[in-house]
Novice: 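The following block contains the structure, expressed as structure tokens.
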Amino acid sequence: SVFELFVPLASGGSLILADHALALIDHPLREKITLINSVPSAVSELLRAEAIPKSVRTINIAGEPLGKQLVDDLYHTLSHPEIVIYNLYGPSEDTTYSTFCQTVPDEQGATTPIGKAVAETASYLLDERLNPVPQGMIGDLYLAGAGVARGYWNNAALTAANFLPNPFSKNGSPIYRTGDRARLRPDGLLEFLGRADQQIKLRGFRIELAEIEQILLSQADIEQAVLALQEKPHKTLTAYLVRSQKVERATTWSASADETLHLRAALAQNLPTHMIPSFFVELPELPKLPNGKINRAQLPAPDFTAETDRPVVLPQTEAEQLLATIWQERLGIKAVDLHDNFFALGGDSILVLQIIAQVQQAGFSLTARDLFQNPTIASLDP
């Protein structure tokens, strides 16, 4: 928030504080907005809804890897000669934004570079011995400069592991290990290649999968737990569990509704909402690699159409059928019961905003608060 708040103010601009990015669709001051700063998923939805104001001249995109297709779609759809789209990268440990890149439409390649270091910041691509890697080779991304924090509050061990003496500086300032992998392109721009560990980014949030796994393993009846981010039909955080008393089944199955509620409650006591998995899948055993490590690539996708013991109640009214159709489309599922819980089906906050925008475009009155408080079609009254 520091960058978003103070850069416009320090430049003589004004701020519009909205509940969420999709509030731009019907905001009374929308045609005065000249700069948008948001995550790719939200900007993509604004573009789909044709809700980016014509007054916008700059779009800063950060928080998630920026796909080349979104960049091209933005330039071609907005088609204003003064429009500029920036890809921003950086961790909180380096006061958020560390590199930037002014994107261009129809650039060759499948990814969008994260660019070059901002002023008073230095970036390094190093190997395991902290030696620079040659141009074009993949290395671990380190950051140094004025934005680097002193360390983690009251966590000396984690500070020592990630804030290291800078071998390229004599002033004693630290160098920060981001945990990200990147390489330097021939044009001198950095290309982001993902995490070096199992930390993931979901809807703009950094999530340490091991943190969730440890809480799940603290439950008495869980023997093994592993988290994975399923990419299709949409990004879904899924927990895979092996219980201490295994049930002999040849296939996977989803945890029952009561078990899911219990696990969600246990996680909610220690974690924010965005770290709670959308699905809990029980397995007889976890898939393994020949070396004994968990084979994450072989973890099955959750069953979006898992059957329940209760009778199926299909949508009847026009509003119910509209909601069911939108849920099926957005969640990538075949059918929706009136009593299906949106979040148990894989819904999250970004999908909530997308669905609300689509429902409102169809002429129905529904807010994000309504869906959060009433996550079943039966409990909604659009």
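We're numbering straight along the sequence, starting at 1. Because the structure is predicted, anything quoted here is derived from the model rather than measured.
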Novice: Can you list everything that forms a side-chain hydrogen bond (donor to acceptor under 3.5 Å, both in side chains) with S55? Sequence neighbours excluded, please.
Specialist: none

Novice: Tell me whether E50 at atom CD has more than 12 heavy atoms from other residues, nucleotides or ligands lying less than 6.0 Å away.
Specialist: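 Not more than 12 within 6.0 Å, no.
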
Novice: For L267, enumerate each residue passing the side-chain contact (heavy atoms from CB on, under 4.5 Å) test, keeping only those at least two apart in sequence or located in another chain.
Specialist: I212, I215, L216, L271, I276, P277, F280

Novice: Any heavy-atom pair between the side chains of I83 and V56 that's under 4.5 Å?
Specialist: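 Of all side-chain heavy-atom pairs linking I83 with V56, at least one is under 4.5 Å.
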
Novice: Kindly give the heavy-atom pair with the smallest separation between V148 and P174, and that separation in Å.
Specialist: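 Reported closest heavy-atom pair: CG1-CG, 3.9 Å.
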
Novice: Does any non-hydrogen side-chain atom of Y240 lie less than 4.5 Å from one of L299?
Specialist: yes

Novice: Are K334 and Q328 close enough that some pair of their side-chain heavy atoms sits under 4.5 Å apart?
Specialist: no

Novice: Is the backbone of T367 close enough, under 3.5 Å, to the side chain of D370 for a donor and an acceptor to pair up by distance?
Specialist: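 Side chain of D370 to backbone of T367, a donor-acceptor pair under 3.5 Å: yes, one is there.
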
Novice: So, using side-chain hydrogen bond (donor to acceptor under 3.5 Å, both in side chains) as the criterion, who are the partners of R181 when residues are at least two apart?
Specialist: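 Testing R181 for side-chain hydrogen bond (donor to acceptor under 3.5 Å, both in side chains), a comparison that skips the adjacent residues, returns D140.
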
Novice: Quick one: side chain to side chain donor-acceptor pair (under 3.5 Å) pairs with a partner in residues 153-171, sequence neighbours left out?
Specialist: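 Checked against side chain to side chain donor-acceptor pair (under 3.5 Å) - neighbours excluded - the pairs reaching residues 153-171 are S169-N171, N171-S173.
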
Novice: Please answer: with hydrophobic residues joined when any side-chain heavy atoms are less than 4.5 Å apart, are L66 and L35 in the same cluster?
Specialist: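 Different clusters: L66 never reaches L35 through Ile, Leu, Val, Met, Phe, Trp or Tyr contacts under 4.5 Å.
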
Novice: With sequence neighbours excluded, tell me which residues meet side-chain hydrogen bond (donor to acceptor under 3.5 Å, both in side chains) with T77.
Specialist: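 T77 satisfies side-chain hydrogen bond (donor to acceptor under 3.5 Å, both in side chains) with no other residue.
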
Novice: Taking the side chain as every heavy atom from C-beta outward, state whether I59 and L78 have any atom pair closer than 4.5 Å.
Specialist: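 Result yes, sub-4.5 Å side-chain heavy-atom pair found.
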
Novice: Report whether I356 and L322 are members of the same hydrophobic cluster (ILVMFWY, side-chain heavy atoms less than 4.5 Å apart, transitive linking).
Specialist: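 Yes, it is one cluster - the side chains of I356 and L322 are joined through contacts under 4.5 Å.
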
Novice: If you look at every heavy atom in I36 and P53, which pair is closest and at what distance?
Specialist: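 Here I36 and P53 meet closest at CD1-CD, 4.3 Å.
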
Novice: Dump the intermediate steps for side chain to side chain contact (heavy atoms under 4.5 Å, CB included) on L371 and L380, then the final yes or no.
Specialist: CA-CA 7 Å; L371 187 49; L380 287 168; 3.8 Å; yes

Novice: Rounded to the nearest 0.5 Å, how far does CD1 of I52 lie from CD1 of I25?
Specialist: 10.5 Å

Novice: Mind checking what makes side-chain contact (heavy atoms from CB on, under 4.5 Å) contact with R57, not counting sequence neighbours?
Specialist: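 Testing R57 for side-chain contact (heavy atoms from CB on, under 4.5 Å), a comparison that skips the adjacent residues, returns H80, E82.
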
Novice: Should I61 and L74 count as side-chain neighbours, where that means a heavy-atom distance under 4.5 Å?
Specialist: yes

Novice: Shortest non-hydrogen contact from L189 to K116?
Specialist: CD2-CG, 3.7 Å

Novice: Using the salt bridge (Lys or Arg N to Asp or Glu O under 4.0 Å) criterion, which residues pair with D106? Sequence neighbours excluded.
Specialist: none

Novice: Who clusters with I175? Use side-chain heavy atoms, under 4.5 angstrom, across I, L, V, M, F, W and Y, and order the result by chain and number.
Specialist: Y124, L126, L130, Y142, L164, F168

Novice: Can you measure from OG1 (T178) to CZ (F192) and round to the nearest 0.5 angstrom?
Specialist: 8.0 Å

Novice: Can you tell if the side chain of L351 reaches within under 4.5 Å of the side chain of F342, non-hydrogen atoms only?
Specialist: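 Yes - at least one pair of side-chain heavy atoms lies under 4.5 Å apart.
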
Novice: Find the distance between CD1 (I355) and CD (Q360) and round it off to the nearest 0.5 Å.
Specialist: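 Reported to 0.5 Å precision, the distance equals 12.0 Å.
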
Novice: Looking only at heavy atoms, which two atoms of L143 and S123 are closest? And how far apart?
Specialist: CD2-CB, 4.0 Å

Novice: Looking only at heavy atoms, which two atoms of S14 and P8 are closest? And how far apart?
Specialist: O-CB, 4.4 Å

Novice: Is the ring pair Y86/F100 parallel, tilted or perpendicular, if the boundaries are 30 and 60 degrees?
Specialist: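 Judged by the thresholds at 30° and 60°, the geometry between Y86 and F100 is tilted.
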
Novice: Take atom CD of E318 as the centre, draw a 6.0 Å sphere, and report whether it contains more than 12 heavy atoms from other residues, nucleotides or ligands.
Specialist: no

Novice: Measure the CD1-CH2 distance between I333 and W327 for me, rounded to the nearest 0.5 Å.
Specialist: 8.5 Å

Novice: Measure across T103 and V71 and return the closest heavy-atom pair with its distance rounded to 0.1 Å.
Specialist: OG1-CG1, 3.6 Å

Novice: Going from CG on L227 to CD on E213, what distance comes out if it is rounded to the nearest 0.5 angstrom?
Specialist: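 Rounded to the nearest 0.5 Å, the CG-CD separation comes out at 5.0 Å.
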
Novice: Quick one: name the residues clustered hydrophobically with F6, using the 4.5 Å side-chain heavy-atom rule over I, L, V, M, F, W, Y, and just say none if it's on its own.
Specialist: V2, L5, L9, L15, L17

Novice: Do the non-hydrogen side-chain atoms of L47 and L70 ever get within less than 4.5 Å of each other?
Specialist: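 Sidechains of L70 and L47: in contact.
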
Novice: Give a yes or no on whether V7 and V43 share a hydrophobic cluster (residues Ile, Leu, Val, Met, Phe, Trp, Tyr; joining criterion: side-chain heavy atoms under 4.5 Å apart).
Specialist: no

Novice: Hey, what do you get for CD1 (I138) to CG (D127), rounding to the nearest 0.5 Å?
Specialist: 13.0 Å

Novice: Quick check: is V118 connected to L190 through a chain of hydrophobic side chains (ILVMFWY, heavy atoms under 4.5 Å apart)?
Specialist: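 Result: no, two separate clusters.
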
Novice: Holding to side-chain contact (heavy atoms from CB on, under 4.5 Å), I want the full list of residues that pass it with A149, two or more places apart in sequence or in another chain.
Specialist: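 Counting only residues at least two positions away or on another chain, A149 forms a side-chain contact (heavy atoms from CB on, under 4.5 Å) with F163.
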
Novice: Identify, with sequence neighbours excluded, every residue that meets salt bridge (Lys or Arg N to Asp or Glu O under 4.0 Å) alongside R183.
Specialist: E191

Novice: Heavy-atom distance under 4.5 Å between the side chains of R48 and Q354, does that happen here?
Specialist: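 They are not in side-chain contact.
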
Novice: Treat each ILVMFWY residue as a node, draw an edge where side-chain heavy atoms are under 4.5 Å apart, and state whether I85 and F3 are in one component.
Specialist: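 In one cluster with I85: F3, no.
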
Novice: With a 3.5 Å cut-off and no angle check, do the side chains of Y89 and D180 form a donor-acceptor pair?
Specialist: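 Yes, because at least one side-chain N or O of Y89 sits under 3.5 Å from a partner of the opposite role on D180.
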
Novice: If the condition is salt bridge (Lys or Arg N to Asp or Glu O under 4.0 Å), which residues does D72 pass it with, not counting sequence neighbours?
Specialist: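 Listed in chain order: K68.
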
